[in-house]
Amino acid sequence: MADRPITPWAMVYERLHAHFGAQDWWPAQSPFEVMVGAILTQNTAWRNVERAIGALRAADALSVFAILGMAEADLAQLIRPAGYFRVKAKRLRALCAFLAAQGVAADPGQLGRGQDPAALRQNLLVVHGVGEETADAILLYALDAAVPVVDAYTRRIGERLALLPEKASYREIQSAIAAEIPAEAAVLNELHALLVQLGKEYCRPRPRCELCPLRSLCPYAYP
DNA sequence: CTCCCGTTAA
DNA sequence: TTAACCGGAG
């Protein structure tokens, strides 16, 4: 997406990409690792997720079979650095049970092959511990489906830029973005990663508007 | 709405 | 010492 920005969200994309450069997400070595990371990063700093994934890898536990084959309490101890370790252990097991039931335990990247993303999303949402954001993160970053991922950063940034209504639902935000950004996985991938970066560095809960790359677009920073 | 929870920046 | 962290379930 290097052409002329037209819509507000496309403008945001252009500015962020110019400022931060390509983000090259998701940081993972396999689709399954993306899925695991998507669960582990729920309301958790990525730094701590890396430790948990490192522990899983060190224990040779980064597979559907390994996770289903170990005691939940042992799994919980391995992922302890990611926080919420007891609930997340249960969620990881639920995810793995789902992958096994879908017949893709040996190759989770095959999940949803020949199925449309909307149907797969519905199935994912049934899995314990998979909500809308986690489902969409899996669709986009593990399976390359052209689905916008909406998170707390997206909402905060969108609200401050006045691109979103105050109490917009997940689906409303997703639709607003989909209407303004090309339906290409590579672009939606990059957009979400860029928004996360902005949310961490500038558009924080206590914002740092002075050097924000979106300052001139933002009524919050520049009233 | 509250709980889940370790880790680190401020 | 607190606030925040690439949310979701009950």
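The sequence lines fix the lettering, A, B, ..., with proteins before strands; numbering per chain opens at 1.
At dT8(B), one or more side-chain N or O atoms of R51(A) fall inside 4.0 Å of OP1 or OP2 (strictly under the cut-off). For T154(A), no side-chain nitrogen or oxygen approaches OP1 or OP2 of dC6(C) to under 4.0 Å. At the phosphate of dC5(C), OP1 or OP2 sits under 4.0 Å from a side-chain N or O atom of R156(A). A sub-4.0 Å separation between OP1 or OP2 of dC6(C) and a side-chain N or O of K200(A) is present.
Separating the CG atom of L95(A) from the C1' atom of dG8(C) is a distance of 14 Å, rounded to the nearest angstrom. Distance CD (E50(A)) to P (dC6(C)): 11 Å, rounded to an integer number of Å. The CD atom of E133(A) sits 12 Å away from the C1' atom of dC5(C) (whole-angstrom rounding). Distance NZ (K88(A)) to P (dA9(C)): 13 Å, rounded to an integer number of Å. Distance R206(A) CZ to dT2(C) P: 13 Å, rounded to the nearest Å. R155(A) has its CZ atom 13 Å from the P atom of dC5(C), to the nearest Å. In this structure, CH2 of W46(A) is placed 11 Å from P of dG7(C), rounded to the nearest angstrom. Here the C1' atom of nucleotide dC6(C) and the CD atom of E132(A) are 16 Å apart, to the nearest Å.
R91(A) and T134(A) share no donor-acceptor pair across their side chains, judged by distance under 3.5 Å alone. Judged purely by distance below 3.5 Å, without hydrogens or angles, the side chains of D136(A) and Y141(A) never pair a donor atom with an acceptor atom. Side chains of Q102(A) and N123(A): no donor on one and acceptor on the other come within 3.5 Å.
Listed nucleotides: dA4(C), dT7(B), dG7(C). Nearest to the side chain of N48(A): dT7(B). Nearest nucleotide to the side chain of Q42(A), out of dC6(C), dT7(B), dG7(C): dG7(C). Checked against dC5(C), dT7(B), dG7(C), the side chain of T134(A) finds its nearest nucleotide in dG7(C). Closest to the side chain of R47(A), from the set dA4(C), dT8(B), dG6(B), is dT8(B). The side chain of P27(A) approaches dC6(C) more closely than any other nucleotide in the set dG7(C), dT7(B), dC6(C). When distances run from any side-chain atom of Y153(A) to the nucleotides dG7(C), dC6(C), dG6(B), the shortest one goes to dC6(C). Considering only the side chain of D151(A), dC6(C) comes nearest among dC5(C), dA10(B), dC6(C).
Remark on DNA chain B: of its neighbouring residues P81(A) and R204(A), the 5'-side contact belongs to P81(A), judged by nearest-heavy-atom nucleotide. Each of A135(A) and G199(A) lies near DNA chain C, and the nucleotide nearest G199(A) is the one positioned closer to the 5' end.
E33(A) places no side-chain N or O within 3.5 Å of a backbone atom of A28(A) that could act as its donor or acceptor partner. No donor-acceptor pair under 3.5 Å is formed between the side chain of T41(A) and the backbone N or O of G37(A).
Residue R91(A) is classed as a base contact, given a heavy-atom separation below 4.0 Å to a base. Nucleic acid contact class of V130(A) (heavy atoms, under 4.0 Å, all strands): sugar-phosphate only. Counting any heavy atom pair closer than 4.0 Å across all strands shown, G131(A) reaches sugar-phosphate atoms only and no base atom. The residue V150(A) sits apart from the nucleic acid: no heavy atom pair falls under 4.0 Å.
Nucleotides dC3(B) and dC6(C) are separated by 23 Å at their P atoms, to the nearest Å.
M35(A) pairs in a side chain to side chain contact (heavy atoms under 4.5 Å, CB included) with only one of the listed residues (L124(A), V130(A), L95(A)), which is L95(A).
Between the side-chain ring of Y141(A) and the base of dC6(C), no stacking contact exists by the 5.5 Å and 30° definition.
No close placement of the Y13(A) and H192(A) rings is indicated, their centers lying 6.0 Å or farther apart.
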